[in-house]
Amino acid sequence: MKEWMSFDWWFYGGIFVMASAGILFAVQTVLFAVKRKRIGRRMDEEYGQPGKYHNESSQS
């Protein structure tokens, strides 16, 4: 059996790092989406919806 050369380790290591980055990206995207909804609900409870008072028609 032939021993792996160093460039084989770099190649497969790179594939592993790229796959890990893709998985971590998917996980953090889901977490941020969930947090965004939770923070949005909390802001609406505390401050209401100030956007309805700052529409384009009232400023002109």
Side-chain angles (χ1 to χ4, degrees):
M1 185 167 159
K2 178 183 163 195
E3 255 186 70
W4 285 24
M5 300 176 119
S6 70
F7 63 85
D8 288 340
W9 287 110
W10 282 105
F11 178 72
Y12 291 115
I15 290 173
F16 175 75
V17 168
M18 288 177 18
S20 299
I23 291 169
L24 290 174
F25 173 75
V27 169
Q28 67 95 19
T29 301
V30 170
L31 290 176
F32 285 160
V34 169
K35 280 187 175 184
R36 180 179 172 215
K37 287 183 182 180
R38 188 172 14 147
I39 290 172
R41 275 189 254 123
R42 188 181 309 153
M43 296 294 280
D44 283 345
E45 289 173 4
E46 291 183 15
Y47 300 107
Q49 294 182 354
K52 70 180 181 180
Y53 301 112
H54 297 288
N55 55 15
E56 293 288 329
S57 62
S58 66
Q59 291 179 356
S60 40

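All figures in this text were calculated on a predicted structure; none of them were measured in a lab.
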field: Spacing of CZ belonging to Arg41 relative to CD belonging to Glu45, to within rounding of 0.5 Å
entry: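 It comes to 8.5 Å.
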
- prompt: Which other residues end up in the same hydrophobic cluster as Tyr47, if Ile, Leu, Val, Met, Phe, Trp and Tyr are linked when side-chain heavy atoms come under 4.5 Å apart?
  reply: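 Ile39, Met43, which link up through side-chain heavy atoms under 4.5 Å apart, make up the rest of the cluster.
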
Distance-only check: which donor-acceptor pairs under 3.5 Å involve side-chain atoms of residues 15-35, not counting sequence neighbours?
from  : atom 1 : to    : atom 2 : distance (Å)
Ser20 : OG     : Phe16 : O      : 2.9
Thr29 : OG1    : Phe25 : O      : 2.7

